[in-house]
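As structure tokens, the structure follows; a few thoughts come after it.
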Amino acid sequence: MLLIPVLFVLMVATFGNLPDFKKLENPETPLATEVISSDNVVIGKYYNANRTRAEFDDLSPNLVKALVSTEDVRFYDHSGVDFRRLFTIPLYNLIGRKQGASTLSQQLAKNLFPRQKMNRLQLVWRKVEEQITAIKLEKLYTKEEILAMYLNTVEFNNNAIGIKSASQIYFDKAPDKLTIPEAATIVGMLKNPSLFDPIRRPVNTLKRRNTVLNQMSKNNDITDAECNKLKSQPMGLDYHPESHNDGMAPYFREYLRQWLKTWAAAHGRDIYKDGLRIHVSIDSRLQKYAEEAVVEHLKTMQKALFAQYKATGKKPWSESPEILTTCMKQSDRYHVMKSDDVPEDQIIKAFNKPVHMKLFSYQGEVDTTISPLDSIKYDLYYLHTGFMAMDPSTGQVRVWVGGINYKNFKYDHVMSKRQVGSTFKPFVYTTAIMNGYSPCLKVSNTPVVFEDYNNWTPANADDEFDGQMMTLAKGLATSTNRITAWVMKQVGPEPVVKLAHRMGITSDLMAVPSLCLGTADLSVYEMVGAYNTFNNKGVYIKPQLVSRIEDKNGNVLEEFVPETVDALDESKNYVMLNMLKGVNNGALYGTGTRLRYKFNLRGPMAGKTGTTQNHSDAWYMGLIPQLTGGIWVGGEERAIHFDRMNNGQGAALALPIWGFFLQKVYADKTLGFDPNRDWEKPAGDLGIEIDCTKYENAREPTEGELEKEIFGKGD
């Protein structure tokens, strides 16, 4: 044993680069940052190396037995260096049975402090360094801790680093759930991850797995009969490669990543290697149902849009040919070539040259050869969407669907701004309610002229109710433009703008009469936050994405509390909420009634549809007592749209996504959503009559009504 201190002195004198105890006690192993949903599911990671730490208790006993039997059978008997094996290895190598002498502790030392490029003499010294380091590790850590540390540092193919990633990627399970053959497969891969890659070299990997099973039998971890039976089984891979393009809520994860980079810079952290644990508001179950609802509806509507273009012979870019140039210049391919100083004519030439690529379709990726310009044309046919939902009382964002496919369409439509159409009208009506107007007030559905704005006179979308007297409640439910314009003329644009900002709209708004019809460009994020004010008793609560951030050891670094603003009087807010319920009321001819007859949703709900000019933007804002949601659907450019209202309106293009989503949510009883739950009415008098029968009986008759009562109609 005198050899060790002598070697140690020589090593320090020669190289002086042995890791000190401080480094051994706190080894710097890069760890992936995990994004953890509100229901405790890891929905994503940020990393340079896809490694997540596992403790010994996280390991299957099958895994531990397979590892020790194969890599270091006397692991529990030595103190870092197996001298018995060290002196017998030369004999084994002489007779052609090549074996390594490194123990698991030595391999851990090598993984923690990787070798640099060195000559043969340096390599010999390096091995001695690793032996000394292994002995140090054995003094600092228990055998169980060393096993866990080792399995956390090993690297596999397919972006799997560490046992947690490998278990998830190859078998879609945690390492404590690995069966004997699964554990043997993973341990077998350690010898040479490239040679024993179950995806690229399944035959090699299966043979190597069986070698590990033989070692386990030899070490009495399993019987010979068990070994033979297990060797006859297939590997049973359940391959789930990890990519930032795939997985749940990719648009949300990218938005979060950008936010986290700013947070990390301010707090001296690195999201790619510090192993942070980001607890977010997304509910994985609700997110799954939202993503399913988007596909379920839009794949049907996409067929209808394809059919329209085929029947008319038009192209998505027919109305605006410049779209093609705009899309080309917005592409990654164009930016890369431009940054490499490629001349414009050469770039255009490259965009017209066919190359191999994969295109999106609802039936699966299309593997083809096509020019980049033609791929732009292909993509322009597709409808896109933004869908967000939040918890009314906590402000936590439960659902974030930024588009139809992140891999192919990375633009996030939760944060993008599009014209909101009639979904803006509730802000106008709310301003009136705040000024004492009753939903039961009747107004003539006739042209309204804004003399101070060049006699602007908005028209209705159709003539169904022209000339009729309509209550404000029905005017909102039917989305009648003239009634909304009348209200806007009474209250004025400036108060409407101020109220909208107080309720959560952050974009600039022009205080002009046309605002009442939704001419503003706003995001789904803003609109859901603002509509949630109706769902939260008049209190605006800023949508919250992150609840807390922890370090790799679970220590809380920061907790987040949502910002709130008392935007509306609770009683007046309830009056407006009651009007929004009318949108789904068939008796009022509400534009959202198909949620009742098509989706059979009978419980209390409120909302508002929206459709912009030429059906370029379709919206639906939906409220139930436990959730506030907003959905936009449209083309990449405004020139891409349905030609007819029956497919292009918000009730047909956006609302059904909410319908499919709610069906799934109510069917999942584990979520605790009650379809019969209603909003609680504030105590006391609302200050405004919402029962129109009582309102009619209580109000003073007009002069015209008195004349008719006295003289009779027509006299």
Side-chain angles (χ1 to χ4, degrees), residues 54 56 58-78 80-86 88-89 92-93 96-111 130 134 137-138 143-157 160-167 170-171 175-198 201-237:
F56 183 78
D58 299 325
L59 307 178
S60 164
N62 301 322
L63 185 65
V64 174
K65 291 175 182 178
L67 179 63
V68 172
S69 294
T70 307
E71 295 293 329
D72 191 354
V73 71
R74 281 185 292 278
F75 174 70
Y76 292 104
D77 299 324
H78 63 67
V81 178
D82 188 348
F83 289 102
R84 175 180 165 186
R85 189 178 183 187
L86 187 64
T88 57
I89 286 301
Y92 279 108
N93 290 335
R97 294 172 59 186
K98 290 189 175 182
Q99 293 188 19
S102 294
T103 64
L104 284 171
S105 302
Q106 289 171 250
Q107 292 181 49
L108 172 59
K110 178 182 174 182
N111 293 344
E130 288 168 2
L137 287 169
E138 291 271 351
K143 291 288 186 181
E144 288 76 14
E145 289 171 331
I146 288 174
L147 283 173
M149 290 172 69
Y150 171 75
L151 287 170
N152 283 329
T153 60
V154 292
E155 298 187 9
F156 302 83
N157 276 7
I161 302 178
I163 187 59
K164 266 196 173 182
S165 293
S167 300
Y170 292 112
F171 295 105
D176 63 338
K177 299 294 190 297
L178 291 172
T179 64
I180 293 174
E182 291 167 350
T185 299
I186 287 181
V187 169
M189 293 161 64
L190 294 174
K191 185 174 183 180
N192 188 328
S194 296
L195 182 61
F196 303 114
D197 183 329
R201 294 183 172 86
V203 175
N204 283 0
T205 309
L206 184 63
K207 289 180 180 178
R208 177 62 184 165
R209 181 206 70 174
N210 290 346
T211 298
V212 175
L213 290 173
N214 286 334
Q215 287 297 113
M216 294 180 73
S217 175
K218 183 178 177 181
N219 201 37
N220 297 319
D221 291 319
I222 56 176
T223 65
D224 291 342
E226 284 178 307
C227 181
N228 292 329
K229 182 179 179 181
L230 294 173
K231 282 161 62 177
S232 66
Q233 296 180 5
M235 280 189 291
L237 291 179

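Side chains are part of it too, since the values below use all heavy atoms of this structure and drop only hydrogens, waters and symmetry mates.
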Inset, instruction - Drop me the distance from F75's CZ to D77's CG, to the nearest 0.5 angstrom. - result: 10.5 Å
Inset, instruction - State which residues pass salt bridge (charged side-chain N to carboxylate O under 4.0 Å, His left out) with D197; sequence neighbours excluded, sorted by chain then number. - result: R200
Inset, instruction - Answer whether the closest heavy-atom distance between the side chains of V73 and N219 falls below 4.5 Å. - result: yes
Inset, instruction - Drop me the distance from T185's OG1 to Y170's OH, to the nearest 0.5 angstrom. - result: 11.0 Å
Legend entry - Sidechain-backbone polar pair: S69 side chain, A66 backbone, donor-acceptor under 3.5 Å: no
Legend entry - Distance (rounded to the nearest 0.5 Å) between L59 CG and K164 NZ: 10.0 Å
Legend entry - Atom pair CG (N152) and CG (D58), whose distance is rounded to the nearest 0.5 Å: 8.5 Å
Legend entry - Backbone N/O of L230 and side chain of Q233: donor-acceptor pair under 3.5 Å: no
Inset, instruction - Apply the test side chain to side chain contact (heavy atoms under 4.5 Å, CB included) to residues T70 and L190: give CA-CA distance (whole Å), side-chain angles for both, the deciding distance (0.1 Å), then the verdict. - result: CA-CA 10 Å; T70 307; L190 294 174; over 6 Å; no
Inset, instruction - Apply side chain to side chain donor-acceptor pair (under 3.5 Å) to S194 and list each qualifying residue two or more places apart in sequence or on a separate chain. - result: none
Legend entry - Any donor-acceptor pair under 3.5 Å from D72 side chain to L104 backbone: yes
Inset, instruction - Kindly write out the residues that satisfy salt bridge (charged side-chain N to carboxylate O under 4.0 Å, His left out) with K143, not counting sequence neighbours, or none if the list is empty. - result: E138
Legend entry - Pairwise distance CG(N62) to NZ(K177) - rounded to 0.5 angstrom: 12.5 Å
Legend entry - All side-chain contact (heavy atoms from CB on, under 4.5 Å) counterparts of N204, not counting sequence neighbours: L195, F196, R201
Legend entry - side chain to side chain donor-acceptor pair (under 3.5 Å) partners for D224, two or more places apart: S217
Inset, instruction - Locate the shortest heavy-atom distance separating M189 from P198; write the atom from each residue and the value. - result: CE-CD, 3.6 Å
Inset, instruction - For N214, enumerate each residue passing the side chain to side chain donor-acceptor pair (under 3.5 Å) test, keeping only those at least two apart in sequence or located in another chain. - result: K231
Legend entry - Atom of P181, atom of R209 and distance for their closest heavy-atom approach: O-CD, 3.5 Å
Inset, instruction - Report yes if the side chains of L147 and V68 come closer than 4.5 Å at any heavy-atom pair, otherwise no. - result: yes
Legend entry - Minimal non-hydrogen separation, G162 against F156, with atom names: O-CE1, 4.0 Å
Legend entry - Worked check of side chain to side chain contact (heavy atoms under 4.5 Å, CB included) between H78 and S105: CA-CA 10 Å; H78 63 67; S105 302; 4.3 Å; yes
Inset, instruction - Please report the closest heavy-atom contact between L213 and I222, naming both atoms and the distance. - result: O-CD1, 3.7 Å
Legend entry - Straight-line distance of M235 CE to N210 CG, nearest 0.5 Å: 9.5 Å
Inset, instruction - Please report the closest heavy-atom contact between V81 and Q106, naming both atoms and the distance. - result: CA-OE1, 3.9 Å
Legend entry - Minimum-distance pair of heavy atoms, taken over all atoms of Q107 and S102: NE2-O, 3.6 Å
Inset, instruction - Test Y150 against I163 for side chain to side chain contact (heavy atoms under 4.5 Å, CB included), laying out the working first. - result: CA-CA 9 Å; Y150 171 75; I163 187 59; over 6 Å; no
Legend entry - Heavy-atom check, side chain of F56 versus side chain of L151, under 4.5 Å: no
